[in-house]
Amino acid sequence: MALKTGEIAKQKGQERHRALGLSDDAALKLYEVMRLARAIDERMWLINRQGRAPFVISCQGQEAAQVGSAAALAPERDWVVPYYRDAGVVLWFGMTARDQMLSFFARREDPSSGGRQMPGHYGSRRRHIVTTGSPVGAQTLHAAGVALAAKMRHEDTVVATYFGEGSSSEGDVHEAMNFAGVHKLAVLFVCENNGYAISVPQSHQMAIKDLADRAAGYGFPGVVVDGNDVLAVYEVSREAVARARRGEGPTLIEAKTYRFTAHSSDDDDRRYREAEEVALWRQKDPIQRYARYLRDARVLSDSVEQEITDRLTQQVDEATEYAEQAPDPSPDDLGKFVYAEGQG
Amino acid sequence: MALKTGEIAKQKGQERHRALGLSDDAALKLYEVMRLARAIDERMWLINRQGRAPFVISCQGQEAAQVGSAAALAPERDWVVPYYRDAGVVLWFGMTARDQMLSFFARREDPSSGGRQMPGHYGSRRRHIVTTGSPVGAQTLHAAGVALAAKMRHEDTVVATYFGEGSSSEGDVHEAMNFAGVHKLAVLFVCENNGYAISVPQSHQMAIKDLADRAAGYGFPGVVVDGNDVLAVYEVSREAVARARRGEGPTLIEAKTYRFTAHSSDDDDRRYREAEEVALWRQKDPIQRYARYLRDARVLSDSVEQEITDRLTQQVDEATEYAEQAPDPSPDDLGKFVYAEGQG
Amino acid sequence: MAVRTVIEAIREGMDEELERDPSVFIIGEDVGKRGGVFLATDGLQKKYGEQRVIDSPLAESLIVGVAIGAAVNGMRPIAEIQFADFIAPAYNQIVEEAARFCYRSGGDFNLPMVIRTPWGGGVHGAMYHSQSIEATFAHIPGLKVVAPGTPADAKGLLKAAVRDPNPVLFLEHKRTYRLVRGEVPAGDGVVPIGKAEVKRAGTDLSLIAYGLMLHHCLEVAEKLAADGVSAEVLDLRTIKPIDEEAILQTARKTGKVLVVHEDNRFGGIAAEVMAIIMERAFDALDAPVMRMCGPDSPAMPFNQILEAAFMPSVDRILARARELAAY
Amino acid sequence: MAVRTVIEAIREGMDEELERDPSVFIIGEDVGKRGGVFLATDGLQKKYGEQRVIDSPLAESLIVGVAIGAAVNGMRPIAEIQFADFIAPAYNQIVEEAARFCYRSGGDFNLPMVIRTPWGGGVHGAMYHSQSIEATFAHIPGLKVVAPGTPADAKGLLKAAVRDPNPVLFLEHKRTYRLVRGEVPAGDGVVPIGKAEVKRAGTDLSLIAYGLMLHHCLEVAEKLAADGVSAEVLDLRTIKPIDEEAILQTARKTGKVLVVHEDNRFGGIAAEVMAIIMERAFDALDAPVMRMCGPDSPAMPFNQILEAAFMPSVDRILARARELAAY
Ligand SMILES: Cc1ncc(C[n+]2csc(CCOP(=O)(O)OP(=O)(O)O)c2C)c(N)n1
Ligand SMILES: Cc1ncc(C[n+]2csc(CCOP(=O)(O)OP(=O)(O)O)c2C)c(N)n1
Ligand SMILES: [Mg+2]
Ligand SMILES: [Mg+2]
C-alpha cells in the first residue's frame with residue numbers, strides 16, 4: 001500500500017519550511033510562482049470572456065501540486081514533461097508571463113509552438129520542457145525515454161512527468177511506469193488527482209481510492225500527498241528526487257487536489273459538479289492556505305504581499321500588452337517545420 | 001499483496017479432488033483433456049518436422065493451468081477468450097482433435113478461421129470461444145465487453161481470458177483490468193506465467209515477482225497459484241468463478257508455469273534458455289505430476305491409463321488422417337467474409 | 001419534415017435507436033451527465049440510465065475493445081471517441097481486431113458496432129481537435145466509413161450504421177454540427193451506406209466532396225452558375241464502400257472533375273477517386289481530374305491565419321474550379 | 001564490393017552505425033540474446049552490451065514512446081517493431097507524437113529516430129505476419145517512409161535513416177531477407193532518402209514498384225523483353241517523400257505505367273502515384289495508368305492457396321503488363 005504523505009508536512013507550527021531546508025526567501029519564491037500562475041490564468045479568463053482570445057485551460061487550484069513538485073528539481077539539469085494544466089511547473093522552469101500570453105494569443109513568437117498549438121501545450125528545449133501534445137498519457141513514455149538516455153550517459157538527471165488521474169487509465173501510463181520500474185529510471189510520476197476527468201468522477205475512472213497504490217505493481221513506491229499543501233508536496237517530491245538520484249528508481253506521487261474552474265473555457269462544469277463541492281474546495285485554496293502559513297511563520301507581511309501583488313500585476317499587464325500586439329505567423333509559416341533540416 | 005494459492009491445494013494426501021467436489025470420473029476427465037492437448041501438440045511437431053505443415057505453437061507444460069481453470073467454468077453459459085497456447089482451454093470448451101488438425105493444416109473446414117489464421121488462433125461462436133488474432137493483450141478487453149453485455153442483460157455468465165506474463169505489459173491489459181474493476185465484471189484474468197516472452201525473461205518484463213500483485217491497483221483480488229498443479233488451479237479458479245457469480249467482480253489468477261518447447265516451430269530457445277532449466281521444469285511436468293496423484297488416490301490404474309492412451313491415439317490418428325485429406329479453401333474464398341451480410 | 005441541425009439529427013437518431021432496440025447502448029468519455037463535449041448525447045443518460053449510456057474511463061482502446069466484446073455477446077454498441085484526433089490509441093482495436101473479426105473467423109463472428117467521432121477543422125481546435133481520418137480508415141478492409149454532411153444524411157446514415165452487421169466508423173464534421181440546418185424526414189429515413197448523392201445537378205464540371213467541403217462546393221457551384229458554368233456536386237456521404245458508379249457517372253457526364261477534401265493531400269481520398277476515374281473513365285475525361293486538399297502539413301495550427309491557410313476555402317475552390325472549366 | 005543478403009546488409013548497417021556513433025542504440029522485443037526473430041540484430045548485444053541493445057517489455061507503444069524521449073535527450077534510437085502487423089498499438093505514439101513533435105514545437109524539437117519493421121507477405125505468415133503498412137504511414141505529414149528492395153539500398157537507406165533528423169519508418173520486406181542477395185559497396189554507401197531509382201531502363205512501358213514486387217517486376221520486364229516489349233522498372237525505394245520527378249520522368253518517357261504493390265488496393269500507394277501522373281503528366285499518357293495490388297480483403301490468409309491468390313504474382317503482373325503494352 002502507498003505511503004500517505006511525509007512526516008515534516010504533518011508537523012504543525014511555523015517551522016515546516018525551514019525543516020525542509022527552505023530559506024524564507026525560497027519559501028516566498030514558491031508563493032510568488034504559485035500566485036503568478038494564478039494571476040496569468042485569471043487574466044486569461046477575463047480576456048477570453050471579452051472575446052479577445054478563443055480558449056483557456058486552467059491551473060487554478062492545482063498550483064501547490066505543480067510548484068511544490070517542480071521546486072524539488074534542478075531546472076538546469078533535470079527535465080519536466082508536463083500536461084496542459086501545469087502552468088506552475090513551466091513557470092518554475094523559467095517560462096514567463098509573456099511566454100504564456102504569447103501562446104494564449106497564438107502569436108508567432110510563442111516559444112512553445114509558434115502559435116500552432118492551443119494554450120497549455122508547453123515545450124521548450126532550452127528550458128528542459130518536453131513539447132506536449134493533446135493526447136493524454138502519451139507524455140509519460142517520453143519522460144521514461146528522457147531518463148533512459150540520461151542513464152545511458154550516466155548523467156545525474158531526474159525527469160518529472162505530470163498527468164491527471166483520468167489519464168492514468170490510458171495504456172501508455174501503465175507501459176511507462178512498468179518500463180521505468182524495470183530500468184530503475186529517475187522518473188517522478190506526478191498525478192494531479194483533481195477528482196474529475198472533464199465530467200467523469202474518479203469512481204467511474206478506477207475502482208481504487210488511491211492511484212498511488214498502483215506503484216506496488218511496478219516495483220516502486222507510491223505516495224499520496226495533500227496536493228493543496230505546497231510544503232507537503234515539496235517534501236515528498238524532494239524525497240523522490242533524492243531516491244532517483246541515488247539510482248533507486250521512480251516514485252509515483254499522487255497529489256490530491258481540485259480544479260477550481262470548468263475543464264476549459266469550452267466546458268460548463270455545472271452539468272456535473274455541485275456548486276457546494278466547488279465552494280468547499282475553494283476554501284482549501286492552496287495559495288490562501290500557504291499565505292496563512294507564511295504569515296504565521298512571519299515570512300509574509302502585508303508590505304511583502306503588496307510588493308508581490310504589484311510585481312505580478314505589472315508582469316501580467318506588460319505580458320498581455322506585448323503579446324496582444326505581437327505579430328501573427330504569416331500564411332507561409334504553414335509549411336514550415338513539418339520536417340527538420342540538416343543533421344539534427 | 002496477492003494471496004498465494006488455495007488451501008485445499010496445500011493438503012497432502014489422496015483426498016484433494018474429492019475435497020474440491022470432483023468425483024473420480026471428473027478428476028479423470030481433467031487428466032484426459034490435459035493428455036489430449038499434449039498428444040495433439042506432440043503430433044503436430046512430428047508432422048511439422050516432416051515438413052507436412054509449416055507452423056506449430058505449443059501448449060506443452062501449461063496444460064494444468066489451462067484445463068484447471070477452464071474446468072471451473074460452465075461452457076454452456078460461460079465464455080473464454082484464450083490466447084494461442086490454450087489448446088487445453090478450447091478442448092475443454094468442446095473443440096476436438098479434428099478441429100485442431102483442420103486448423104493445423106489450414107483446411108476450409110477449420111472451425112476457427114476456415115484456414116485463414118495460423119494454428120492456435122481459436123474461435124467458435126457456438127462453443128463460446130471468442131475469435132482471437134495475433135496481437136497480444138487485445139483479447140482481454142473483449143472479455144470485459146462480453147462480461148459487460150451479460151451484466152446488462154442480468155445473465156449469469158463468467159468470462160475467462162488468458163494471456164502470458166509478457167503480454168501483461170501491453171496497455172490493453174491495464175485498460176481491461178481497470179474497466180472490469182470499475183464495473184465489477186465477472187471476468188477471470190488468467191495469466192499463464194511461463195517466465196519468458198519468446199526470449200525475454202520476466203526480469204526484463206516487469207520489476208515485480210508476482211504479476212498478481214497488480215490486481216490491488218484495480219480493486220480486486222490477485223492470486224498466485226502453482227500452474228503445474230491442476231487441482232490447485234481448479235481450486236482458485238472455482239473460488240474466482242463463485243466470486244464473479246456473486247457479482248463481486250474480477251479476479252487475477254497468476255499461474256506459475258513453464259513452456260516445454262521453443263516459442264514456436266520458428267524459434268530456437270537454446271539461444272536464450274539453459275538446457276538445465278528446461279530439464280528441471282520437465283521434471284515438474286503437470287501431466288506426470290497429476291498422474292502420480294491420481295495413482296496414489298487409486299483413481300488411475302494401469303488399465304485405465306492404457307484405455308486413455310488408446311483412445312487418444314485413435315482420436316489423434318483419425319483427426320490427422322481426416323484433416324490432411326480435407327479440402328483446401330478455393331481461391332475465390334479469398335474475398336469472402338470481409339464484411340458480414342444481412343442484419344447480423 | 002422537421003428542420004434540424006446536424007447535431008440535433010444525430011442525437012435524435014441515437015435516441016430513436018436506443019428506444020427501438022434494447023441491445024443498443026452508448027459508451028464513451030463524458031457521454032453521461034455531460035451529454036458529450038458537443039452535447040450529442042445530451043439527456044440520453046437521464047432517459048435510458050447509466051447502464052445504456054456509459055461514461056467510460058479515459059482510454060480509447062478500452063472503449064473500442066469493450067464495444068467489440070459487447071457486440072460479440074449480442075449488443076449493438078455505439079462507441080463515441082471524443083475527437084477523431086484521439087482515435088489513435090484505439091487504432092489496434094479498430095484495425096487489427098474489429099475490422100478483421102469476421103474475416104479471421106471465416107464469418108463465424110461479426111460485429112454490429114458503430115464508432116462515432118467528430119472530425120474536421122475550422123473551429124480553432126488546433127492540431128488535436130481538427131484532424132481528418134477518413135483516408136486512414138477507409139484503406140482498411142472490413143471497416144465501413146461514412147461522413148454525412150447534412151442533417152437528413154446524418155440521421156439516416158447513423159441508423160443504417162447502427163443496424164449494419166459490420167463495424168462502421170461514423171464521422172461527424174464538427175463544424176457542421178450547429179452551422180448546417182436542414183429538413184429531416186419523419187420516421188426512420190434510413191440512408192443506405194454505400195450510396196453517394198448528387199446534391200446539385202450540372203453539366204460542365206463535377207465537384208466531389210463530403211462533410212463541410214460539400215457545403216463549400218455547393219457555394220462554389222452557385223457562384224459558377226453566375227459565370228454561366230453549370231457545376232454538378234456529388235456528395236460521397238459514404239467513403240467506404242465508395243460509390244464507384246456515381247463517381248464514374250458524373251465523371252462521364254461532365255468530363256471534368258475536381259475532388260475536394262480537408263485531409264492531407266498525399267494518399268487522401270481524392271487520390272483514390274482519381275485512380276478510379278483513371279481506370280474506368282479515362283477516355284471520358286476532357287481534362288485531368290484535379291484535387292484541392294489540405295496541404296501535407298499536420299492539421300492544423302491554432303492561429304487563425306494559419307488555420308485559414310490550411311482549410312480549402314470557397315474562394316480557393318472556386319479558383320481551381322474556374323481553371324478546370326477553362327481547361 | 002561484397003555480396004550480401006538483405007538481412008545481412010541491414011545487420012551490417014546497424015553494426016556500423018552503432019560503432020560510428022555512441023548515441024545510436026537499439027530497442028525492441030527479443031533484439032538481445034535472441035538477436036531478433038529474423039536475426040537482424042544477431043550478435044549486436046554481445047558486441048555493444050545490454051545498454052545499447054535493449055530487450056524491451058512486450059509493448060509497442062512503449063518502444064516508440066521511449067525512443068521518442070531518448071531522441072529528445074540526445075540519442076538516436078533504432079526501434080524495432082517485431083512485425084509490421086504489430087505496429088498498430090504504437091500508432092498514437094508514431095502518428096500523433098513522433099510525426100508532430102517538430103511541427104507542434106515550431107521546430108524547437110526534432111526526433112532523429114528510426115522505426116524498423118519487417119513487412120509484406122509470401123512467407124506463410126497468415127493475417128498477422130504479412131501486412132503492408134506503407135500507405136497508412138505515408139499519409140502522415142512529418143514521417144518519412146522507406147522500403148528498400150535490394151541489399152545495397154537496404155544498408156544505404158538504413159544509414160541515411162539513422163542520420164536523418166526526422167522519424168523514419170524503415171520497412172524491410174521479410175520475404176527478401178534471405179531470398180535477395182546482391183553487391184553492397186564498401187564504406188558507408190549512404191543512399192539518399194527521397195530518391196527513386198530506375199532499376200532497368202526501358203521505352204515501351206513503365207513498371208513502378210518497391211520491396212518484393214520490385215523483383216517480380218524485374219522478372220516481368222525480362223519476360224516482356226522476350227516478347228520484344230521494352231519495360232522500364234522504377235524502384236520507388238522511398239515512399240515518403242515520394243520522388244515525383246522520377247515518376248513523371250518515366251511516365252513521360254513511356255506513356256504507359258503499371259503500378260504494383262501487395263498492399264490493399266483502395267487508398268494504396270498506387271492511387272497516389274496515379275494521382276500525381278494524372279495531375280502532372282496527363283497529356284503524356286498513351287493509356288490510363290493501371291495498378292495491380294493486393295485485393296481489398298485483410299492481408300493475408302494462412303492457407304497457401306489463398307495466400308498465393310492474394311499476392312500479385314509474376315504471371316498476373318505479366319498479364320496486366322501485356323494488356324497495357326497492347327493498349
Ligand atoms: C487520448 C485523449 N483522449 C481524450 C482527450 C480529451 N480530453 C482532454 S482532457 C480530458 C480529461 C483529462 O482528465 P484528467 O487526466 O483527470 O486531467 P484533468 O483535466 O482533470 O487535470 C479528456 C478526456 C485527450 N486529450 N486525449
Ligand atoms: C502486439 C504484439 N506484439 C508482438 C507480438 C509477437 N509475439 C508473439 S508471442 C510473443 C511473446 C508473448 O509472451 P507471453 O505473453 O509471455 O506469452 P507466452 O508466449 O510466453 O505464452 C510476442 C512478442 C504479438 N503477437 N503481438
Ligand atoms: Mg482529473
Ligand atoms: Mg510467457
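Below, read A as the first sequence line, B as the second, and so on, with proteins coming before strands; counting in each chain starts at 1.
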Which residues in [range] have any heavy atom lying under 4.5 Å from a heavy atom of chain D?
range	value
residues 57-65 of chain C	none
residues 266-278 of chain C	C:F266, C:G267, C:G268, C:I269, C:A271, C:E272, C:M274, C:A275, C:I276, C:M278
residues 236-247 of chain C	C:I239, C:K240, C:I242

Nearest atoms (heavy-atom pairs only) where D:A88 meets C:Y91 | CB-CD2, 3.7 Å
Taking every non-hydrogen atom, the tightest pair across D:Y103 and C:P301 = OH-CG, 3.5 Å
Sort D:V289 into side chain, backbone, both or neither according to what part of it lies under 4.5 angstrom from a heavy atom of chain C.
-> both
Check whether the side chains of D:Y128 and C:R104 place a donor and an acceptor atom closer than 3.5 Å, and report yes or no.
-> yes
Separation of D:N92 CG from C:D85 CG (nearest 0.5 Å) | 10.5 Å
With a 4.5 angstrom heavy-atom cut-off, could you sort out which part of C:A299 is near chain D: side chain, backbone, both or neither?
-> backbone
Side chain from CB out, backbone as N, CA, C, O: work out which of these in C:R265 comes under 4.5 Å of a heavy atom of chain D, or both, or neither.
-> both
Comparing D:D296, D:I87, D:T136, D:N264 against chain C, the one with the most heavy-atom pairs below 4.5 Å turns out to be D:N264
Given the options D:D283, D:V95, D:D263, which has more heavy-atom pairs under 4.5 Å with chain C than any of the others?
-> D:D263
Side-chain touch D:P298/C:R100, heavy atoms, less than 4.5 angstrom = yes
What parts of residues 137-147 of chain D touch chain C if we use heavy atoms and a cut-off under 4.5 Å?
-> D:A138, D:H139, D:P141
Looking only at C:M290, C:Q131, C:R280, the option with the highest number of non-hydrogen pairs under 4.5 Å against chain D is C:Q131
